[in-house]
Engineer: 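Got a structure for you, questions after.
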Amino acid sequence: MPVPFRQKFVIPPFLAPYKRGIDPGDGQPVNYYRVTEQSTTMEIVPGIKTPILGYNGVFPGPTISNDQGTHAVVTMRNQLPRKHPVLGTPIATSTHLHGSASLPQYDGYASDTTLPGFKKDYHYPNVQDARTLWYHDHGVHFTAQNAYSGLAAMYIIHDPVEKALLPQGEFDIPLAISDIQFQANGSAMYDDHSHSGLWGDVILANGVPWPVMNVKRRIYRFRLLNCSISRSFQFHLSTGDPLIIVATDAGLMPKPQPVREYRHANSERYEFLIDFSRYKPGQEIVLRNKSNPFNIDYNHTDKVMKFVVTDEPFNTNDPTARTIPTVLADSAVMHLARSQSKITRNLQVERKNGEWKLSGKSWADVIASNFQWAWANPGLDDVEIWEIENRSGGWFHPVHIHLVDFHILSRNGKPAFAYEEGPKDVMYVGENEKIQVIMRFEHHKGRYMVHCHNLPHEDHDMMIQFRVGLKEGEFDPNDPIKAARPVWDTPAPA
């Protein structure tokens, strides 16, 4: 077992484009990237080699960062072996840029898979407001194993508003939190408790167990992604000082929300500020975890990482160094009103006969319909309210709706938590909770998924689809499986 607070904090590498150009369609700049899915090893525990699946051979994978309006084309090369080197499961991947308003054929539709030895170009518009996204595997029925093994990375969109208000550069910290269990030989152990979930006894921050980060006496911004496949967290500082929440999944909140603690589900992103100027050099602060009901906790899962305050100099003329803004940014989804909604739909998350279901249906029903059946069929630009109700007993479900941003209107008939008062794409649906969200089905026509982001639940088989602006059986120029097929690359490992 690794010992907490012995290893240094690291920031995943940023990926530079290998080429830049102009999109002939709209005249906007476009950056081109290559990412290779590889089977390799990593020293998560010093001196011990742990097999991983990694984007460009690292976990977390390289961060991609673009300005709003700069398009991206990411060539994803599947150079993985045909079977998982530890688990023996097949490795056909589908890359989902979580939080992006991508066309269906570039959205990581679960059954749109790329086999080893093939590659696929993913086109990302990056037209949305500044936000923290992430890309991860979404391959049908094996998302959990692939993401747990390392196929997860961050993706950032910047815009002028966010750049002016919040810390940038070395003070803008991507922070991917996950958990893992090790076998005696150092490989990751996979036990999802009969598809209920996997809870590791080692907490990783950017792939490092309980690291230590040196910080200067100024304000830092943390983009915290929970990329655990099942574990939720309840983060707080050991000092009792507040975390200043400034952004949710889909971008900046209307105003900052200071909280002593907050709960953070799988795949949610929360951005918060910590003001280290209030501490003395040498002081240590721990980011801790109170956990939530129905997690499985261990001796050290109550801690995440440690900050050590230094007296290193920094640019005091940077306005973000000592000033927390009082107003952030508006977003259209936060102004949607109930009166604009064309329909209210009820979606039940449940377990029936040992299977995970959404209103009695699953991805098996979608497959059986030749990918035509859809649970909902909003028109393009329609506004709808969805009510998600958890009747599954002793589990919580982080429900993710692809394509759109939503605003949480209510939680059990009461207002959303203060830290949720921003644009989101994942909601924490706790035990016996009922959540209402409102959204506009904009950007594109086509078929998109809605699913639980406890990934063993998604794989078995808690995922369905909705269809925007198309009738069942209507010709779909953006068919998520047929419109942009993978092409032969080079032979992958056997």
Side-chain angles (χ1 to χ4, degrees), residues 89-90 92-94 96 98 104 107-113 136-148 190 192-198 229-230 265-267 294 345-378 384 386-404 406 425-435 437 441 446-468 470 472-473 476 479-481:
T89 51
T93 62
S94 179
H96 174 48
H98 183 128
D107 190 51
Y109 192 78
S111 294
D112 174 32
T113 54
H136 64 85
D137 183 58
H138 218 309
V140 64
H141 295 140
F142 297 103
T143 296
Q145 289 94 328
N146 294 349
Y148 179 68
Y190 188 89
D192 66 7
H193 299 86
S194 300
H195 313 317
S196 293
L198 184 151
I229 65 171
S230 298
N266 324 75
S267 80
F294 302 103
R345 305 181 192 268
N346 181 266
L347 184 65
Q348 297 175 5
V349 295
E350 55 198 353
R351 189 169 190 171
K352 287 188 175 180
N353 301 320
E355 293 184 358
W356 297 105
K357 301 279 189 177
L358 291 168
S359 290
K361 298 289 188 177
S362 72
W363 197 246
D365 296 290
V366 176
I367 293 173
S369 72
N370 194 27
F371 305 100
Q372 292 303 305
W373 177 83
W375 173 76
N377 58 339
E384 294 191 357
W386 286 12
E387 184 176 81
I388 294 87
E389 186 175 4
N390 184 353
R391 295 182 178 180
S392 63
W395 291 275
F396 87 96
H397 300 280
V399 175
H400 173 40
I401 305 173
H402 286 225
L403 176 66
V404 297
F406 57 75
D425 58 44
V426 182
M427 70 195 84
Y428 188 120
V429 187
E431 301 76 11
N432 302 312
E433 286 189 334
K434 183 185 291 186
I435 318 299
V437 301
F441 291 88
R447 286 168 279 162
Y448 292 91
M449 297 174 291
V450 53
H451 61 89
C452 177
H453 228 291
N454 182 329
L455 295 183
H457 295 189
E458 174 193 315
D459 287 340
H460 301 279
D461 206 16
M462 204 173 193
M463 180 165 59
I464 53 177
Q465 69 178 356
F466 59 95
R467 186 175 54 248
V468 179
L470 292 173
E472 185 169 342
D476 184 359
D479 186 292
I481 296 177

Engineer: Roughly how far, to the nearest 0.5 Å, is NZ of K361 from CD1 of I464?
Structural biologist: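 Here the rounded value is 10.0 Å.
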Engineer: Provide the closest heavy-atom pair for E350 versus L358 in the form atom of the first, atom of the second, distance.
Structural biologist: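 The answer is OE2-C, 4.5 Å.
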Engineer: Decide side-chain contact (heavy atoms from CB on, under 4.5 Å) for H98 and V426; before the verdict, give the C-alpha distance in whole Å, the side-chain angles of both, and the deciding distance to 0.1 Å.
Structural biologist: CA-CA 10 Å; H98 183 128; V426 182; 3.4 Å; yes
Engineer: Among residues two or more places apart or on two chains, list those pairs meeting salt bridge (charged side-chain N to carboxylate O under 4.0 Å, His left out) that have a residue in residues 136-145.
Structural biologist: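 Pairs touching residues 136-145 that pass the test: none.
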Engineer: I want to know whether H451 and H457 have ring centres closer than 6.0 Å.
Structural biologist: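 No, the ring centres sit 6.0 Å or more apart.
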Engineer: Return the minimal non-hydrogen interatomic distance between Y428 and E433, and the atom names on each side.
Structural biologist: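 Scanning both residues, the minimum pair turns out to be O-OE1, 3.5 Å.
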Engineer: Starting at CE of M427, measure out to NE2 of H400 and round the result to the nearest 0.5 Å.
Structural biologist: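 So the CE of M427 and the NE2 of H400 are separated by 10.0 Å.
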Engineer: Which atom pair, heavy atoms only, marks the closest approach of Q465 to W363?
Structural biologist: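 Distance-wise, the nearest heavy atoms are CB-CZ3, 4.1 Å.
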Engineer: Just to verify, what does E355 make a salt bridge (Lys or Arg N to Asp or Glu O under 4.0 Å) with, not counting sequence neighbours?
Structural biologist: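 Here the qualifying residues are K357.
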Engineer: Tell me, please, which residues at least two apart from E384 pass side chain to side chain contact (heavy atoms under 4.5 Å, CB included).
Structural biologist: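 Listed in chain order: I343, R345, P378, W386, F441.
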Engineer: With a 4.5 Å cut-off on side-chain heavy atoms, are P456 and Y190 touching?
Structural biologist: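 A side-chain contact under 4.5 Å exists here.
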Engineer: Sequence neighbours excluded, which residues qualify as side chain to side chain contact (heavy atoms under 4.5 Å, CB included) partners of E431?
Structural biologist: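 In terms of side chain to side chain contact (heavy atoms under 4.5 Å, CB included), with neighbours along the sequence ignored, E431 is linked to P293, F294, F396.
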Engineer: I need the minimum non-hydrogen distance between H193 and G197, along with the two atoms involved.
Structural biologist: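 Scanning both residues, the minimum pair turns out to be ND1-O, 3.0 Å.
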Engineer: Considering non-hydrogen atoms only, spot the tightest contact between S94 and A110 and give its length.
Structural biologist: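 Closest approach of S94 to A110, heavy atoms only: CB-O, 4.3 Å.
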Engineer: Atom CD1 in I229, atom CG in N146: separation rounded to 0.5 Å?
Structural biologist: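 Separation between the atoms: 10.5 Å.
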Engineer: Would you check if the distance from the ring center of H453 to the ring center of H136 is below 6.0 Å?
Structural biologist: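 Yes, close enough.
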Engineer: Just to verify, what does Q348 make a side chain to side chain donor-acceptor pair (under 3.5 Å) with, not counting sequence neighbours?
Structural biologist: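 By the side chain to side chain donor-acceptor pair (under 3.5 Å) rule, Q348 matches N346, R391.
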Engineer: Please enumerate all residues that pass salt bridge (Lys or Arg N to Asp or Glu O under 4.0 Å) together with D365, with sequence neighbours excluded.
Structural biologist: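 Counting only residues at least two positions away or on another chain, D365 forms no salt bridge (Lys or Arg N to Asp or Glu O under 4.0 Å).
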Engineer: Does D192 use its side chain to pair, donor to acceptor, with the backbone of L198 at less than 3.5 Å?
Structural biologist: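 Flag not set: sc D192 to bb L198 has no pair under 3.5 Å.
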Engineer: Which residues pass the ring-ring contact (aromatic ring centres under 6.0 Å, His included) test with H141, sequence neighbours left out?
Structural biologist: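 If we apply the ring-ring contact (aromatic ring centres under 6.0 Å, His included) test to H141, skipping adjacent residues, there are no hits.
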Engineer: What do the steps show when you test V349 against W395 for side-chain contact (heavy atoms from CB on, under 4.5 Å), and what is the final call?
Structural biologist: CA-CA 10 Å; V349 295; W395 291 275; over 6 Å; no
Engineer: The criterion is side chain to side chain donor-acceptor pair (under 3.5 Å); which residues satisfy it with D112, sequence neighbours excluded?
Structural biologist: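 Side chain to side chain donor-acceptor pair (under 3.5 Å) check on D112 returns K120, R485.
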Engineer: Residues two or more places apart in sequence or in another chain: which of them pass side chain to side chain donor-acceptor pair (under 3.5 Å) with S362?
Structural biologist: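 Side chain to side chain donor-acceptor pair (under 3.5 Å) list for S362, sorted by chain: empty.
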Engineer: Pair L455, Y148 - check side-chain contact (heavy atoms from CB on, under 4.5 Å), show working.
Structural biologist: CA-CA 9 Å; L455 295 183; Y148 179 68; over 6 Å; no
Engineer: For the atom pair CH2 (W356) and CE (M462), what is the distance rounded to the nearest 0.5 Å?
Structural biologist: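 Those atoms lie 6.5 Å apart.
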Engineer: Nearest 0.5 angstrom please: N432 CG to N390 CG, how far?
Structural biologist: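 One finds 6.5 Å between CG of N432 and CG of N390.
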Engineer: Could you tell me whether the side chain of D479 reaches within less than 4.5 Å of the side chain of F371, counting heavy atoms only?
Structural biologist: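 A side-chain contact is absent here, since even the closest heavy-atom pair is not under 4.5 Å.
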Engineer: Within the side chain of N454, is there an N or O that forms a donor-acceptor pair under 3.5 Å with the backbone of H397?
Structural biologist: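 Looks like no, no N/O pair under 3.5 Å.
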Engineer: Under a 3.5 Å distance rule, please check whether W375 uses its side chain to pair with a backbone N or O of V450 as donor and acceptor.
Structural biologist: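 Not at all, since once roles are kept as given, no pair shorter than 3.5 Å links the two residues.
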Engineer: Among pairs that include at least one residue of residues 451-463, which meet salt bridge (charged side-chain N to carboxylate O under 4.0 Å, His left out), considering only residues two or more places apart or in two chains?
Structural biologist: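 Salt bridge (charged side-chain N to carboxylate O under 4.0 Å, His left out) check on residues 451-463 returns no pairs.
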Engineer: Could you measure the distance from the CD1 atom of I388 to the SG atom of C452? Nearest 0.5 Å is fine.
Structural biologist: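 Reported to 0.5 Å precision, the distance equals 12.0 Å.
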Engineer: State which residues pass side chain to side chain contact (heavy atoms under 4.5 Å, CB included) with T89; sequence neighbours excluded, sorted by chain then number.
Structural biologist: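 Partners of T89 under the side chain to side chain contact (heavy atoms under 4.5 Å, CB included) test: H84, L87, F142, Q145.
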Engineer: Mind running side-chain contact (heavy atoms from CB on, under 4.5 Å) on S111 and M449 for me, showing each step along the way?
Structural biologist: CA-CA 11 Å; S111 294; M449 297 174 291; over 6 Å; no
Engineer: Could I get the full list of side chain to side chain contact (heavy atoms under 4.5 Å, CB included) partners for P480, not counting sequence neighbours?
Structural biologist: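 Listed in chain order: P104, Y109, R447, D476.
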